[in-house]
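Residue numbers start at 1 and run along the sequence shown.
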Amino acid sequence: MVHYLTPSLDLSFAALSDATRRGIIAQLARGDASITSLADKFQMTLTGMKKHVQVLERAGFVVTQKVGRVRTCQLGKRGLKAEAEWIKAHRKLFEARFDALDEIISEMQQEGSDEPAS
């Protein structure tokens, strides 16, 4: 199997591929929260929320800290610079391909309008 992404991009795109995990990041952008409160907010079991938080931790998006019996989550210091650069580079590639496709379609339409009606 060929891997086109670096391992850190694999982890971050895998983490961001899930709507719940993106929601957790959005929630933590508003302030720290316990895993229990996140589970309540997203109406899921504590075990399910722990799994989502672990994925986000592995990708570096979330940091947890246990104080007493409560595990608190906060956004990690890792940004999305590498992911944004990857998307930007590939966006240019796709835009160039779509521009080329638009040109081909335009030429085909022009050729079709030049043909005499039967």
I would like to know whether Lys51 and Val55 meet side chain to side chain contact (heavy atoms under 4.5 Å, CB included); could you show each step before the answer? CA-CA 6 Å; Lys51 289 180 180 178; Val55 171; 5.8 Å; no
Solution key, residues 21-28 side-chain donor-acceptor pairs under 3.5 Å, sequence neighbours excluded:
{"unit_1": "Arg21", "atom_1": "NE", "unit_2": "Ala15", "atom_2": "O", "d": "2.9"}
{"unit_1": "Arg21", "atom_1": "NH1", "unit_2": "His52", "atom_2": "ND1", "d": "3.2"}
{"unit_1": "Arg21", "atom_1": "NH2", "unit_2": "Ala14", "atom_2": "O", "d": "3.2"}
{"unit_1": "Arg22", "atom_1": "NH1", "unit_2": "Leu16", "atom_2": "O", "d": "2.6"}
{"unit_1": "Arg22", "atom_1": "NH1", "unit_2": "Ser17", "atom_2": "O", "d": "3.4"}
{"unit_1": "Gln27", "atom_1": "OE1", "unit_2": "Arg30", "atom_2": "NH1", "d": "2.8"}

Closest contact, heavy atoms only, Cys73 versus Val53: SG-CG1, 3.9 Å
With sequence neighbours excluded, give me every side chain to side chain donor-acceptor pair (under 3.5 Å) pair touching residues 54-67. Glu57-Thr64, Thr64-Arg71
Nearest heavy-atom contact between Ala29 and Leu75 is CA-CD1, 3.6 Å
Taking every heavy atom of Phe61 against every heavy atom of Gly79, the minimum-distance pair comes out as CE2-O, 4.3 Å
List the atom of Ala33, the atom of Ser37, and the distance in Å for their closest heavy-atom pair. CB-OG, 3.5 Å
To the nearest 0.5 angstrom, please state how far the CD atom of Gln110 sits from the CD1 atom of Ile105. 14.5 Å
Side-chain donor-acceptor distances from residues 89-99 under 3.5 Å, at least two apart:
{"unit_1": "His90", "atom_1": "ND1", "unit_2": "Trp86", "atom_2": "O", "d": "2.8"}

Got a sec, which hydrophobics cluster with Val70, joining ILVMFWY side chains under 4.5 Å apart, including via others? none
Solution key, residues 40-47 side-chain donor-acceptor pairs under 3.5 Å, sequence neighbours excluded:
{"unit_1": "Thr45", "atom_1": "OG1", "unit_2": "Gly48", "atom_2": "N", "d": "3.0"}

Mind checking salt bridge (Lys or Arg N to Asp or Glu O under 4.0 Å) for Arg78 and listing every partner two or more places apart, or none if nothing turns up? Glu83
Transitively linked via ILVMFWY side-chain contacts under 4.5 Å: Phe13 with Leu56? no
